[in-house]
Amino acid sequence: MEEFIEIAKKAQENAYVPYSNFKVGAVLITKEGKIYTGCNVENHGIMSICAERVAFTKAISEGERNFTKILVIGDKDYTTPCGYCRQFMSEFVNKEFEIYTVYNGNKTKKYLIEELLPQSFNL
Ligand SMILES: [Zn+2]
C-alpha cells in the first residue's frame, strides 16, 4: 500500500481546488495491475469532479473494465468517496473490489462497496 499511497499523493498535488481548498488524490488499480490516477477538479458554476471519478473515467476511456481496488487520500484522515462516487463506482466493480482510505500518513483502512453503499440503486 505504501507505493499506492505515494502515487495517490502525487496525484493529489495536481488537484484544482480554488473553492474548497480540499485536495484529494486517488489511485485505481486494474485486474492486470495497471494504475490510473485522479485528483479532484473544481469548477466555478458547474458540478466539480472528484478524484475517484477522474481515475475511473481515465481508465474506462482507455478500455479498462476490470478493477480490483482504489485508494483515496485527502487533506484529512479517512477521506472516503462521496455518495456520488460510491454510486458511480458501483457500476464498474464487483463485490470483491476494495476501497482504501488513508489515515496517520501511511495507514490504510479497507472497505467493500457494500459497506459504503448498502442496498444501492440497481436496475
Ligand atoms: Zn466523489
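Both counts, for ligands and for their atoms, begin at 1 and track the order of listing. Positions are given from 1 along the sequence. Note that this is a predicted model, so its numbers are computed, not measured.
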- Distance from Ile60 atom CD1 to Glu91 atom CD, nearest 0.5 Å?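 Reported value, rounded in 0.5 Å steps: 8.5 Å.
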- Message: Can you tell me how far apart CD (Gln12) and CG (Asn40) are? Round to the nearest 0.5 Å.
- Response: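 Going from the CD atom of Gln12 to the CG atom of Asn40 covers 8.0 Å.
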- Please confirm whether Arg53 makes a cation-pi placement over Tyr84, using NZ or CZ under 6.0 Å from the six-membered ring centre and within 45° of the ring normal.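 Flagged: Arg53 positioned over aromatic ring of Tyr84.
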- Query: Any cation-pi pair here, Lys34 with Tyr36, using under 6.0 Å and within 45°?
  - Reply: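 Negative - Lys34 is either too far from the ring of Tyr36 or too far off its axis.
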- Closest heavy-atom pair and its distance - Val24, Val72: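 So the minimum-distance heavy-atom pair works out to CG1-CG1, 3.7 Å.
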- Task: List the atom of Pro18, the atom of Glu42, and the distance in Å for their closest heavy-atom pair.
- Result: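 Where Pro18 meets Glu42 most closely, the heavy atoms are N-OE1, 3.6 Å.
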- Item | Under 2.8 Å from the Zn ion (ligand 1), the protein N, O or S atoms, given as residue and atom |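 For the Zn ion (ligand 1), the protein N, O and S atoms that sit under 2.8 Å away are Cys50 SG, Cys82 SG, Cys85 SG.
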